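Have a look at the structure below, then the notes.
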Amino acid sequence: MIPCQRHLFEIPDDVAYLNCGYMAPLMRSVTEAGIAGVTQKARPWTITSRDFFDSSEQARALFARLVSAQPGDVALIPAASYGVSVAARNVRFAKGQRVVLLADQFPSHVYSWRDLVARRGGEIVTVERPEAGDLTAAVLAAIDERAAVVALPHCRWTDGALVDLERVGARCRAVGAALVVDATQSLGALPFDVRKVQPDFLIGAAYKWLLGPYSIGFLYAAPTWHEGEPLEHGWITRAGSENFAGLTRYRDDFQPGARRFDVGERSNFALVPMASAALRQILDWGVEAIAETLTRRTGEIAQRAAALGLSALPLGERAGHYLGLQFADGVPAGLPDALAREHVYVSVRGSSVRVTPHLYNSDADVERLFEALSRVLG
């Protein structure tokens with residue numbers, strides 16, 4: 001268990017921010033890294049050619065450690081949609097084949113697949129969550145020899161419904177389907193090991209559970225895709241780009257590994273160091289310890305919410321860091337705004353009030369949540 005880490009963040013004592021699934025607050029160390037990067041750009045004569053490479057390589061290596069990959073398997077991307085688009089450009093898909101998705105999946109992990117099947121003459125299969133039972137079993141039942149792509153989260157963004165990606169990965173390999181995972185709502189708070197899951201592509205935006213800034217993220221591409229087609233053709237992804245004097249000796253070959261998928265201007269002097277600072281702290285805490293701590297926190301909240309007549313998926317069917325509270329008659333109109341007036345911050349996604357704490361939350365935050373709920377609900 002990790003004790004409350006609120007001192008690392010700039011969160012006032014009277015704010016109960018239980019909304020990491022929406023956007024994580026920045027740690028002081030992350031903010032400081034960003035300020036240092038902006039200051040460096042204000043003095044461009046201090047920026048060397050190595051600065052375009054070293055910071056990116058550090059971030060790449062830190063993310064690789066997080067998911068048990070190799071640094072060369074990782075690309076720097078600006079958003080989850082960018083990573084999904086890379087995957088959609090490269091997966092093998094023939095006319096009549098299928099893409100398997102979850103119902104109510106985040107749109108950035110849907111639109112590229114809708115475009116793919118429309119262009120290639122395929123079909124999307126949407127897996128609904130069973131009224132009672134195993135979501136993973138429902139996903140597995142939808143994967144057969146017609147599936148070319150299985151595109152899933154580790155946990156669903158509305159209610160935290162959990163998918164056993166190791167079982168899904170094994171099924172994908174058995175039928176020859178590519179597994180594309182958008183783990184934006186879980187990386188950093190739920191352990192993930194690419195050696196066990198064996199995804200073809202793994203995507204994670206940094207601004208949620210990776211505790212990083214907006215507009216940067218990471219793409220893991222399995223080695224089988226390292227000769228794939230990038231979305232764009234920037235100078236820095238080409239072999240020999242470290243030699244600025246030789247950039248007009250144009251090269252057709254790329255930097256090794258997944259670096260060919262890096263976004264243009266990936267060497268952002270503020271965002272990349274910020275993402276690295278956040279990753280270092282997450283690795284220092286340990287994702288297993290983060291998950292254990294957050295699981296206990298959401299379990300306490302779920303138990304107290306049940307006394308108010310609210311329900312949630314049981315632990316085992318949901319990710320431990322995630323809680324989607326259901327009201328018997330639906331979410332009361334204006335509930336998030338009413339709670340925000342009490343300085344309590346949650347989200348409504350789908351039919352759930354999404355409560356997503358992190359290590360900056362205290363017992364006092366939980367008390368503030370239930371005091372506010374009691375007043376709002378009468």
Side-chain angles (χ1 to χ4, degrees), residues 2 5-6 8-11 15-27 29-31 33-34 59 62-63 66-67 74 76-84 102 104-110 152-163 165 180-192 201-220 271-272 274-283 285 287 290-291 293-295 297-298 318-324 336 345-350 352-361 365:
I2 302 172
Q5 300 291 300
R6 199 182 191 93
L8 299 180
F9 297 81
E10 298 185 23
I11 305 175
V15 169
Y17 188 76
L18 297 152
N19 209 9
C20 194
Y22 164 64
M23 182 180 296
L26 295 177
M27 288 178 282
S29 60
V30 176
T31 301
L62 289 164
F63 183 79
L66 187 78
V67 298
V74 177
L76 275 67
I77 58 175
S81 57
Y82 190 99
V84 177
L102 284 190
D104 299 326
Q105 194 155 286
F106 192 77
S108 290
H109 203 20
V110 173
L152 301 171
H154 202 171
C155 66
R156 190 162 53 189
W157 71 302
T158 53
D159 57 5
L162 189 62
V163 180
L165 291 176
V180 182
V181 178
D182 175 10
T184 296
Q185 284 289 12
S186 55
L187 285 174
L190 189 64
F192 192 101
F201 297 94
L202 168 69
I203 299 129
Y207 72 98
K208 294 179 185 285
W209 302 92
L210 293 178
L211 304 181
Y214 199 67
S215 298
I216 189 170
F218 300 92
L219 167 68
Y220 162 86
L271 296 185
V272 174
M274 292 172 77
S276 292
L279 285 169
R280 287 189 191 96
Q281 182 60 75
I282 289 170
L283 290 166
W285 284 324
V287 177
I290 294 170
T293 304
L294 299 183
T295 297
R297 177 70 74 189
T298 61
R318 65 170 174 85
H321 64 291
Y322 230 90
L323 194 62
Y345 298 90
V346 297
S347 296
V348 172
R349 296 294 183 267
S352 300
V353 173
R354 194 176 66 183
V355 181
T356 48
H358 209 284
L359 299 181
Y360 46 74
N361 289 119
D365 290 337

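Everything quoted here is computed from the prediction, not taken from an experiment. All residue numbers refer to positions in the sequence shown, counting from 1.
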For this session: Over all heavy atoms of both residues, which pair between A189 and I290 is shortest? Give the atoms and the distance, please.
Result: CA-CG2, 4.1 Å
Exercise. Hey, is the main chain of V180 close enough, under 3.5 Å, to the side chain of H109 for a donor-acceptor pair?
Worked result: yes
For this session: Could you walk me through whether C155 and H321 pass side-chain contact (heavy atoms from CB on, under 4.5 Å), step by step?
Result: CA-CA 10 Å; C155 66; H321 64 291; 3.9 Å; yes
Exercise. Roughly how far, to the nearest 0.5 Å, is the CZ atom of R156 from the CD atom of Q105?
Worked result: 9.0 Å
Exercise. Taking side chain as C-beta onward, heavy atoms only, is Q185 less than 4.5 Å from P153?
Worked result: no
Seminar exercise, completed: Rounded to the nearest 0.5 angstrom, the CG-CD1 distance for L187 and I282 is 9.0 Å
Exercise. Should the heavy atoms of other residues, nucleotides or ligands under 6.0 Å from OH of Y22 be counted, would the total exceed 12?
Worked result: no
Problem set entry | Value rounded to 0.5 Å, distance of CG in L359 from CG in L211 | 8.0 Å
Seminar exercise, completed: Heavy atoms of C20 and P357 approach each other most closely as CB-O, 4.5 Å
Seminar exercise, completed: CG (N361) and CZ (R6) are apart, to the nearest 0.5 Å, by 6.5 Å
For this session: For the pair F106 and W157, name the ring-plane relationship: parallel under 30°, tilted 30 to 60°, perpendicular over 60°.
Result: perpendicular
Problem set entry | Side-chain touch H358/W209, heavy atoms, less than 4.5 angstrom | yes
For this session: In sequence, state the C-alpha distance, the side-chain angles, and the governing distance for N19 and R354, and then conclude on side-chain contact (heavy atoms from CB on, under 4.5 Å).
Result: CA-CA 8 Å; N19 209 9; R354 194 176 66 183; 4.3 Å; yes
For this session: Any chance you could measure T356, atom OG1, to L294, atom CG, to the nearest 0.5 Å?
Result: 9.5 Å
For this session: With the side chain counted from C-beta on, respond yes when M27 and F9 share a heavy-atom pair under 4.5 Å apart, and no when they do not.
Result: yes
Exercise. With distance as the sole criterion, is a donor-acceptor pair present between the side chains of R318 and T298 under 3.5 Å?
Worked result: yes
Problem set entry | Verdict with reasoning, L210 to L66, per side-chain contact (heavy atoms from CB on, under 4.5 Å) | CA-CA 10 Å; L210 293 178; L66 187 78; 3.5 Å; yes
For this session: List the atom of A205, the atom of T184, and the distance in Å for their closest heavy-atom pair.
Result: N-OG1, 3.0 Å
Problem set entry | Residue Y214 excluded, over 12 heavy atoms near OH under 6.0 Å | no
For this session: Taking all non-hydrogen atoms of both residues into account, name the closest pair between L102 and V163 and its distance.
Result: CD1-CG2, 4.1 Å
Exercise. Mind checking whether L271 and S215 have side chains closer than 4.5 Å, heavy atoms only?
Worked result: yes
For this session: Report yes if the side chains of Y17 and M23 come closer than 4.5 Å at any heavy-atom pair, otherwise no.
Result: yes
For this session: Quick one: closest heavy-atom pair of Y322 and G21, and the distance?
Result: OH-CA, 4.5 Å
Exercise. Can you tell if the side chain of L219 reaches within under 4.5 Å of the side chain of F201, non-hydrogen atoms only?
Worked result: yes
Problem set entry | Stepwise side-chain contact (heavy atoms from CB on, under 4.5 Å) test for F218 and L279 | CA-CA 12 Å; F218 300 92; L279 285 169; 3.8 Å; yes
For this session: Taking all non-hydrogen atoms of both residues into account, name the closest pair between I11 and P25 and its distance.
Result: CD1-CG, 4.0 Å
Exercise. Between CG of L26 and CG of L8, what distance do you get to the nearest 0.5 Å?
Worked result: 12.5 Å
